[in-house]
Asker: 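I am attaching a structure below and will ask some questions about it afterwards.
Keep in mind that the numbers below use all heavy atoms, side chains included, and drop hydrogens, waters and symmetry copies. Residue numbers start from 1 in every chain, and the chains themselves are labelled A, B, ... in the order their sequence lines are given, proteins ahead of strands.
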There are 2 protein chains.
Amino acid sequence: MSELEIAMGMIIDVFARYAGTDGNAQSLSKGELKVLMEKELPGFLESGRDKETVDKLLKDLDANGDATVDFNEFIVFVAALTSACHKYFQQGGAK
Amino acid sequence: MSELEIAMGMIIDVFARYAGTDGNAQSLSKGELKVLMEKELPGFLESGRDKETVDKLLKDLDANGDATVDFNEFIVFVAALTSACHKYFQQGGAK
């Protein structure tokens, strides 16, 4: 497998690992999203235990309003975050 | 680094590796896109040497019409492809 294929597989794998913890394995509940953020993106939430921050993130990501985050909603978030990281590194490199 | 952070870094790395080959390192020219597709996603193009297919893909991805694929255009493509893979695996798993 190529590096890009491996990276894509890892994103699918991360989602499945956390979404499969309780109830519907096809989407992240609020609790699952909170654990995913704490474990996978510890720097993203200012405080991983801040319930309001996770509530706000869930609301932002939940495009179809079902109070969970499905894979399509998750990948849009990962893409936006990767784009922000890329921009950050570009700016750092240009200095 | 977490698995998700590593995957995001790998996507940034893949883009940078191919975009840096000629001219503007911030975007993929048609030639760079062709090499990236052949090396990283060999199964995506029916024939990696089919110029028309690469032309069509470039046109599809090039949202801002500058005849190159920048990182934001690339990550939208990777996200769509990852989502399609996820759907495929889900359907396979449900059989």
Asker: State plainly whether one hydrophobic cluster holds both B/V54 and B/V76, where clusters connect Ile, Leu, Val, Met, Phe, Trp and Tyr through side-chain heavy atoms under 4.5 angstrom apart.
Answerer: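 Hydrophobic grouping puts B/V54 apart from B/V76.
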Asker: Would a hydrophobic clustering, with Ile, Leu, Val, Met, Phe, Trp and Tyr connected at side-chain separations under 4.5 Å, put A/V14 with A/V35?
Answerer: yes
Asker: I need the A/L4 CG to B/L81 CG distance, nearest 0.5 Å.
Answerer: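 The CG atom of B/L81 is 7.5 Å from CG of A/L4, to the nearest 0.5 Å.
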Asker: Verify the cluster assignment for A/L61 and A/F74: are they in a single hydrophobic cluster under the rule of side-chain heavy atoms below 4.5 Å apart?
Answerer: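 Yes, A/L61 and A/F74 fall within the same hydrophobic cluster.
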Asker: Write out all chain A-chain B donor-acceptor pairs shorter than 3.5 Å, or none if the list is empty.
Answerer:
residue	atom	partner	partner atom	Å
A/S2	OG	B/E40	O	2.5
A/S2	OG	B/E40	OE1	3.2
A/E3	N	B/E40	OE1	3.3
A/E3	OE1	B/R17	NH2	2.1
A/L4	N	B/E40	OE1	2.9
A/R17	NH2	B/E3	OE1	2.1
A/Q26	OE1	B/Q90	NE2	1.8
A/E40	O	B/S2	OG	2.5
A/E40	OE1	B/S2	OG	3.3
A/E40	OE1	B/E3	N	3.2
A/E40	OE1	B/L4	N	2.9
A/N72	OD1	B/S83	OG	2.1
A/S83	OG	B/N72	OD1	2.1
A/Q90	NE2	B/Q26	OE1	1.8

Asker: With a cutoff of under 4.5 Å between side-chain heavy atoms, which Ile, Leu, Val, Met, Phe, Trp and Tyr residues group with B/I6?
Answerer: A/M1, A/I6, A/M10, B/M1, B/M10
Asker: Tell me whether B/I75 is reachable from B/L41 by hopping between hydrophobic residues (I, L, V, M, F, W, Y) whose side-chain heavy atoms are closer than 4.5 Å.
Answerer: yes
Asker: Of all heavy-atom pairs between A/C85 and B/I12, which one has the smallest distance, and what is that distance?
Answerer: CB-CD1, 3.8 Å
Asker: At their closest point, which heavy atom of A/I11 faces which heavy atom of B/A7, and how far apart are they?
Answerer: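 Minimum heavy-atom separation between A/I11 and B/A7: CG1-CB, 3.8 Å.
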